[in-house]
Amino acid sequence: MTAQDSLFSPLADVDFFRHLIVDLHDDVAGKVARFRQLADLTVEQGTESAMIPGGAAFSSWLEARSSFVHGNFVATVMLCQGMAEHMLASHLAMGMDAKPLPKKVRFEQTLKRCLDEGVISKRDAEDLDRLMSLRNPLSHYRDVNDEANLERRAIDTRMPAREHLISDATFAISMAVRLLALPSFRLGDGRTLLDED
C-alpha cells in the first residue's frame, strides 16, 4: 500500500450503496407524510406557477422542499428564510419605480419596504419576522440561557429539541409556500393541475 492509497476510503461501491439504502430507508413513513403535507400545502395555496426572483431563491426553494421531506429540519428553516429574503429584496429591486436598495439590505428593512408597498400583509411581515427569529439561533451561537437557544427551548417546554425543529421547519415551509402564493409572485390565475380535470 502506498501513502496515496491510504487517503482513499477502503469502501467499495457496493458498501456505499448499502449505506445509502439504509439512509434512504430510515423514516420512510415520515418522509412520505412530509411529502404529502408539502403537496397539500402547495395545492391549497395554488402555487403551481410562481415567479421566484433572486439568484439563490429558486435553488433555496428546491433544497428546502427536499430538506423538509428528508427530515433535515435545521436546513429547512435556514433555506426558507434565505429564500424569503432573496425573493422579497429582489422583487423590490426589480420594480418599475424601484428605489435603490443598499448593497447589503437588512431583512427588517426589506420587510418594512414590502409592507409599505403592499407586497406583503402585516401578518406576513410578522410571520416572516418569526421565521427570522427561528433561523438566527440556528446560524448564530446563543448561550444556553438565551430563550431562543434550542436546548433552552427544549428544557423550558419539556419537549425534545427534535419536536421543536419539526414544528419550526413545518412553519418555515408553510411560510415559503405562502410567499409563492402571493399575488406579486403567482403567475396565471392560481389554478392547479387538479383544477383542470
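All heavy atoms count here, side chains included; hydrogens, waters and symmetry mates do not. What you see is a predicted model; the values in this text were computed from it and never measured.
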Working for side chain to side chain contact (heavy atoms under 4.5 Å, CB included), residues I52 and F185: CA-CA 7 Å; I52 304 178; F185 305 109; over 6 Å; no
At their closest point, which heavy atom of A64 faces which heavy atom of C80, and how far apart are they? CB-SG, 3.8 Å
Atom CD1 of I120 and atom CG of L111: how far apart are they, to the nearest 0.5 Å? 5.0 Å
Sort and list the pairs that fulfil salt bridge (Lys or Arg N to Asp or Glu O under 4.0 Å) and have at least one residue in residues 157-170, not counting sequence neighbours. R153-D168
D129 meets the salt bridge (Lys or Arg N to Asp or Glu O under 4.0 Å) criterion, sequence neighbours left out, with none
Residue set satisfying salt bridge (Lys or Arg N to Asp or Glu O under 4.0 Å) with K31, at least two apart, ordered chain then number -> none
Note: R36-D40 ion pair, threshold 4.0 Å (strictly below): no
Output every pair passing side-chain hydrogen bond (donor to acceptor under 3.5 Å, both in side chains) with a member in residues 84-94, not counting sequence neighbours, ordered by first then second residue. Q81-E85
Walk me through it: do L92 and E117 pass the test side chain to side chain contact (heavy atoms under 4.5 Å, CB included)? CA-CA 9 Å; L92 291 172; E117 294 184 19; 3.5 Å; yes
Residues in side chain to side chain contact (heavy atoms under 4.5 Å, CB included) with S59, at least two apart? none
Only pairs under 3.5 Å count here: list side-chain donor-acceptor contacts from residues 66-79, not counting sequence neighbours, and write none if there are none.
{"from": "S67", "atom 1": "OG", "to": "E63", "atom 2": "O", "distance (Å)": "2.8"}
{"from": "T76", "atom 1": "OG1", "to": "F68", "atom 2": "N", "distance (Å)": "3.1"}
{"from": "T76", "atom 1": "OG1", "to": "N72", "atom 2": "O", "distance (Å)": "2.8"}

Would you check if T170 and Q37 make a side-chain contact, meaning some heavy-atom pair closer than 4.5 Å? yes
Listed partners of D124 passing salt bridge (Lys or Arg N to Asp or Glu O under 4.0 Å), at least two apart: R178
Heavy atoms only: give me the nearest L115-A125 pair and the separation to one decimal. CD2-CB, 4.2 Å
Side chain to side chain contact (heavy atoms under 4.5 Å, CB included) with A93: which residues, sequence neighbours excluded? L101
Just list the side-chain donor-acceptor pairs under 3.5 Å for residues 134-144, sequence neighbours left out, or say none.
{"from": "S139", "atom 1": "OG", "to": "R135", "atom 2": "O", "distance (Å)": "3.3"}
{"from": "D143", "atom 1": "OD2", "to": "N145", "atom 2": "N", "distance (Å)": "2.8"}
{"from": "D143", "atom 1": "OD2", "to": "N145", "atom 2": "ND2", "distance (Å)": "3.1"}

Can you name the closest pair of heavy atoms from W61 and I173 and give their distance? CZ3-CD1, 4.0 Å
Atom CZ of F171: over 12 foreign heavy atoms under 6.0 Å: yes
If you group Ile, Leu, Val, Met, Phe, Trp and Tyr whenever their side-chain heavy atoms sit less than 4.5 Å apart, what else falls in with I155? none
Tell me which pairs pass salt bridge (Lys or Arg N to Asp or Glu O under 4.0 Å) where either residue lies in residues 99-111, with sequence neighbours left out. R106-E108
Minimum heavy-atom separation for M94 to M51, with atom names? CE-CE, 4.3 Å
In sequence, state the C-alpha distance, the side-chain angles, and the governing distance for E126 and K122, and then conclude on salt bridge (charged side-chain N to carboxylate O under 4.0 Å, His left out). CA-CA 6 Å; E126 290 168 354; K122 186 174 188 295; 2.7 Å; yes
According to a hydrophobic-cluster definition based on side-chain heavy atoms being under 4.5 Å apart (Ile, Leu, Val, Met, Phe, Trp, Tyr only), do L180 and F58 belong together? yes
What's the shortest heavy-atom distance between A84 and L128, and which atoms? CB-CD2, 3.8 Å
Between M83 and A57 the two heavy atoms that sit nearest each other are CG-O, 3.7 Å
Under 4.5 Å side-chain heavy-atom separation, chaining through any Ile, Leu, Val, Met, Phe, Trp or Tyr, what else clusters with V28? Say none if it is isolated. V32
